[in-house]
Amino acid sequence: MARFELKLPKMGESVAEATITNWLKEVGDKIEADEAVLEIATDKVDSEVPSEVSGILVEQLFGKDDLVQVGQTIAIIETDGDAPTTKVVTETVVPAAIVEIEKNIEVAKEVIAAPQDFSGSDKFYSPLVKNIAKEEAVSVSELENIAGSGKDGRVTKEDILKYVEDRKAGNIAPKVETAAKVEVVAPKIEEAAPKALAPVVQKSQQAVPVSVNGGDEIIEMDRMRKLISGYMIASVQTSAHVQSFIEVDVTNIVKWRDKVKTAFEKREGEKLTFTPIMMEAVAKALKDFPGMNISVDGEYIIKKKNINLGMAAALPNGNLIVPVIKNADQLNLVGMAKAVNDLGNRAKAGKLKPDDTQGGTYTVTNVGTFGSVFGTPIINQPQVGILALGAIRKVPAVIETPEGDFIGIRQKMFLSHSYDHRVVDGALGGSFVKRVAEYLEAFDVDRDF
């Protein structure tokens, strides 16, 4: 019988690995072509891996929560047979206690690793090399032993990245500089299921105890919520958040949309919301102020060539995700509406692909959907700005005319701009959001769509 190797498919240019979250088929199950075999997750998107052939699943080469590289074989499927094939699969069972020991050893290494202090080193290291060393937990003594290929033997970015790659592959044993003695006690391995070891945590890192009574319900965060939590904390700790707010008169936009939305849907087969109109204005403003279309890498600023707008969208489980509209400045209003609707609909259906969330250079979130007048959104790292669109409201306003001022009812909204004060000053951050407002207020009510 033929044996087909099911491999982890390529999921986008920037996605190299995924975690197995659930096996939908077990060994011995019959599988039809294009039927989902397992569920996987990248750092942002969950998806399914379908089978390319019909047959019987005879081997699962990875288990739940295992990390798999793109192109690796994850299962074996026997074809040319209608009934399950009798096959003895030899598996190496690792006792849970041993797994726990290994996990605690890794945690212990993180706890006892001394922070990098380059002041005691006589060698020169660029800020980028220092930043990589810090992120990859490369100690100063390890760094000094790396043979540099740069001028005068300096360690380059390529040198340290190759060292990290070799170390991860097991070709180099990492050195651990001990700051304090940490003892990891191995539990007694018994036939019964062993109790999990408590993670090794420094006292300063321990959470404040929470009082729980008998009527409280304890719910573990799902994987996506844990990731979001980590991203938000990391962003606040990384960027110096500053906000600018501006009120915008969007009466002309509301009138124009009310006038054309039926014809737009009839001609294009798409609903016309306010979001693509706002996105169009943001893309124009980013072209005017390229200093907002950047990212930060350690002590370096990267100016982005393309304008890729992220848009916060809801997932089926209620969590939020940020799919990206690539080259948004090159789209007309129809193209922008199609892109917004496509990403929004696929996000709600849980059908986003990993590459749909990669490569964003600036993000827009619509807090007005939930009735909020304005908000203070958290920057989507490594970007330097995010714009929150507030709810559109009818308000009394002063209207200036050549004949004098009078009070009228206008449609207004707030734009809330959060930006990274490390690299964006108030003049740039305020000027950018003001330019967005100017584009919205100058909207042509006679324009075609």
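Just so you know, residue 1 is the first one in the sequence shown, and it goes up from there. Side chains are part of it too, since the values below use all heavy atoms of this structure and drop only hydrogens, waters and symmetry mates.
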Would you say S416's side chain and G375's backbone share a donor-acceptor pair under 3.5 angstrom?
-> yes
Would you check if there is a donor-acceptor pair between the side chains of T363 and Q383 at a distance under 3.5 Å?
-> yes
Beyond-backbone contact of V384 with I301, side-chain heavy atoms, under 4.5 angstrom | no
Are any of the side-chain heavy atoms of L61 and I74 separated by less than 4.5 Å?
-> no
If every non-hydrogen atom of I302 is compared with every non-hydrogen atom of D297, which pair is closest and at what distance?
-> CD1-CB, 3.9 Å
Please round to the nearest 0.5 Å and tell me the distance separating atom NZ of K261 and atom OG1 of T273.
-> 11.0 Å
Among side-chain atoms of E35 and S51, is any donor-acceptor pair under 3.5 angstrom?
-> no
Indicate yes or no for a side-chain donor-acceptor contact from S418 to the backbone of I378 under 3.5 Å, with no hydrogens or angles considered.
-> no
Using atom types as modelled and distance alone, determine if a side-chain donor or acceptor of D222 lies under 3.5 Å from a backbone N or O of R225.
-> yes
Do S239 side-chain atoms and H241 backbone N/O form a donor-acceptor pair below 3.5 Å?
-> no
Hey, could you give me the CD1/CG distance between I379 and D420, rounded to the nearest 0.5 Å?
-> 5.0 Å
Stepwise side chain to side chain contact (heavy atoms under 4.5 Å, CB included) test for L415 and L440 = CA-CA 11 Å; L415 302 179; L440 294 175; 4.3 Å; yes
Take I386 and T365, measure what side chain to side chain contact (heavy atoms under 4.5 Å, CB included) needs, and give me the verdict at the end.
-> CA-CA 7 Å; I386 180 172; T365 179; 4.1 Å; yes
Shortest non-hydrogen contact from T275 to N366?
-> OG1-ND2, 3.8 Å
Going from CG on L8 to CD1 on I20, what distance comes out if it is rounded to the nearest 0.5 angstrom?
-> 8.0 Å
Specify the closest pair of heavy atoms between L143 and V155, including all atoms of both residues, with the distance to one decimal.
-> O-CG2, 4.2 Å
Please answer whether the main-chain N or O of K353 pairs with a side-chain N or O of D356 as donor and acceptor at a distance below 3.5 Å.
-> yes
How many angstroms lie between atom NE2 of H421 and atom CD of Q243, to the nearest 0.5 angstrom?
-> 11.0 Å
If you take all heavy atoms of I325 and M311, which pair is closest and at what distance?
-> CD1-SD, 4.0 Å
Side chain to side chain, T369 and F274, heavy atoms closer than 4.5 Å | no
Say whether, by atom type as modelled, one donor and one acceptor occur between the side chain of K338 and the main chain of E268 under 3.5 angstrom.
-> yes
Under 3.5 Å: donor-acceptor pair, side chain of S235, backbone of N380 | no
Please confirm whether the backbone N or O of K412 pairs with a side-chain atom of E247, one donor and one acceptor, at under 3.5 Å?
-> no
Compare every heavy atom of V367 with every heavy atom of G390, then report the nearest pair and how far apart it is.
-> CA-CG2, 4.1 Å
Counting N and O atoms only, with roles assigned by atom type, does the side chain of T357 sit under 3.5 Å from a partner on the main chain of V322, one being a donor and the other an acceptor?
-> no
Does Q60 reach the main-chain N or O of K25 with its side chain, forming a donor-acceptor pair under 3.5 Å?
-> yes
Nearest heavy-atom pair of A285 and Y439: which atoms, and what distance?
-> N-CE1, 3.9 Å
Around F4, counting heavy atoms of other residues, nucleotides and ligands shown, do more than 12 lie under 6.0 Å from its CZ?
-> yes
Stepwise, does the side chain to side chain contact (heavy atoms under 4.5 Å, CB included) test hold for Q72 with F62?
-> CA-CA 10 Å; Q72 276 191 292; F62 292 91; 3.9 Å; yes
Pair E136, Y163: side-chain N/O donor-acceptor within cut-off below 3.5 Å = no
Straight-line distance of L387 CG to H417 NE2, nearest 0.5 Å | 6.5 Å
Just how far is it from atom CD1 of I218 to atom CG of D216, taken to the nearest 0.5 Å?
-> 7.5 Å
K162, NZ: over 12 other non-hydrogen atoms inside 6.0 angstrom = no
With a 3.5 Å cut-off and sequence neighbours excluded, list the donor-acceptor pairs that the side chains of residues 424-437 form with protein atoms.
residue : atom : partner : partner atom : Å
S431    : OG   : A427    : O            : 2.5
R435    : NE   : E438    : OE1          : 3.1
R435    : NH1  : D288    : OD2          : 3.1

Begin with the C-alpha distance, continue with both residues' side-chain angles, and end with the deciding distance and a verdict on side chain to side chain contact (heavy atoms under 4.5 Å, CB included) for D65 and T21.
-> CA-CA 6 Å; D65 297 329; T21 56; 5.7 Å; no
